[in-house]
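Below is one structure, written out as structure tokens, with a few remarks after it.
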Amino acid sequence: MPGGTGKHVALDRNSIVVNNAGVANSNLPLSASLDVARGELEVNYFGLISMTQAFAPVVEANGGGAFVNMLSVASWAAYPVAATYGASKAAAWSYTNAARQQLMTQGTEVVAVHAGPVDTDMQAGFDVPKTPPADVARSALDALEAGRPEAIVDELSRNVKSTLHDDQALLYPAIEAQLAAQPAD
């Protein structure tokens, strides 16, 4: 599989690090608070870096294993109502891809998990279709066992991923229409 080490990872409790910490705030690009943006970057991006750096030697000492990084469909698509969240997840996606390259030299897989809304506290109060957390976990482990570098969890994420080759024409007109339909603040 491209991006994988070509070997299957033995799944045991000593070999997998799941980076699932996350924080999200609703904000538009021109009114986003820098403090809020820094907070999202601190958790969603710098936290992922810190955990990877701290646990990579442990995973290597255990004979290899995996990092499973919970990202988001917002890693790929800039939604104006979640401008700084998307930026933090895009940074995490880029870091995940770079870390995968380095960690494969020590026998460690890295799986990027991309999902739209998941039925967690973060999405409470939003009346949108949500993926059950167990489905996200199952998708992540399936990708890991298959040696795939990404787990694309839901239909929204698959659709967005399919537009990335021409995102400005295929993805952003729909997002612009969603923003235009939002009530003004």
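- Under a 3.5 Å cut-off, the side chain of Glu40 and the backbone N or O of Asn25 do form a donor-acceptor pair.
- Contact annotation: the side chain of Arg100 approaches that of Pro149 to within less than 4.5 Å [non-hydrogen atoms, C-beta and beyond].
- Using a distance-only test at 3.5 Å, with no hydrogens or angles considered, a donor-acceptor pair links the side chain of Gln106 to the main chain of Ala56.
- Of all the heavy atoms in Ala92 and Leu71, the pair that sits closest is CB-CD2, 3.6 Å.
- A distance-only check finds no donor-acceptor pair linking the side chain of Asn69 to the backbone of Val113 [under 3.5 Å].
- The two atoms that bring Val68 and Ala140 nearest to each other are CG1-CB, 3.9 Å, heavy atoms only.
- Annotation for Thr108 and Gly64: closest pair OG1-CA, 4.0 Å, computed over non-hydrogen atoms.
- Distance CD1/Ile49 to CG/Asn44: 11.5 Å, rounded to 0.5 Å.
- Panel note: side chain His114, backbone Ser72; a donor-acceptor pair is recorded below 3.5 Å.
- Residues Ala77 and Ile175 share a closest heavy-atom pair of CB-CD1, 4.0 Å.
- Judged purely by atom type and a 3.5 angstrom limit, Ser50 uses its side chain to pair as donor or acceptor with the backbone of Phe46.
- Remark: Tyr79 OH is packed, more than 12 non-hydrogen atoms of other residues, nucleotides or ligands lying under 6.0 Å away.
- Checking side-chain atoms of Thr105 against main-chain N and O of Gln102 turns up a donor-acceptor pair under 3.5 Å.
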After noting the C-alpha distance and the side-chain angles of Phe55 and Glu60, does the key distance pass the side-chain contact (heavy atoms from CB on, under 4.5 Å) rule?
CA-CA 8 Å; Phe55 282 95; Glu60 181 178 30; over 6 Å; no

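- Counting only heavy atoms from C-beta outward, the side chains of Thr52 and Tyr95 approach each other to under 4.5 Å.
- Taking 4.5 Å as the limit, some side-chain heavy atom of Ser88 sits within range of a side-chain heavy atom of Leu41.
- Two residues are said to be in side-chain contact when any heavy atoms from C-beta on lie closer than 4.5 Å; Leu30 and Leu28 fail this criterion.
- Scanning both residues, Val59 and Gly65, for their nearest heavy atoms gives CG1-N, 3.5 Å.
- Counting only heavy atoms from C-beta outward, the side chains of Arg148 and Val111 never approach each other to under 4.5 Å.
- In summary, the side chains of Asn62 and Ser15 do not present any donor paired with an acceptor at a separation below 3.5 Å, with no hydrogens or angles considered.
- Note that the NZ atom of Lys89 and the OG atom of Ser94 stand 14.0 Å from one another [nearest 0.5 Å].
- Across every non-hydrogen atom of Leu144 and Ala66, the tightest pair is CD1-CB, 3.4 Å.
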Can you list the steps and then say if Val136 with Met70 is a side-chain contact (heavy atoms from CB on, under 4.5 Å)?
CA-CA 9 Å; Val136 176; Met70 186 64 201; 3.8 Å; yes

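- One finds the CG atom of Asn159 at 9.0 Å from the CG atom of Asp154 (value rounded to the nearest 0.5 Å).
- At least one side-chain heavy atom of Leu156 sits less than 4.5 Å from a side-chain heavy atom of Pro117.
- Val23 and Met51 are not part of a single hydrophobic cluster, where members link through side-chain heavy atoms under 4.5 Å apart.
- Judged by distance alone, the side chains of Asp142 and Ser139 never bring a donor and an acceptor atom under 3.5 Å apart.
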Pair Lys161-Trp76, side-chain contact (heavy atoms from CB on, under 4.5 Å): steps then yes or no
CA-CA 7 Å; Lys161 174 79 172 185; Trp76 299 324; 3.5 Å; yes

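- Under the 4.5 Å side-chain heavy-atom criterion for grouping Ile, Leu, Val, Met, Phe, Trp and Tyr, Ile152 is connected to Leu164 within one hydrophobic cluster.
- In terms of modelled atom types and a separation under 3.5 Å, the side chain of Ser157 and the main chain of Gly116 share a donor-acceptor contact.
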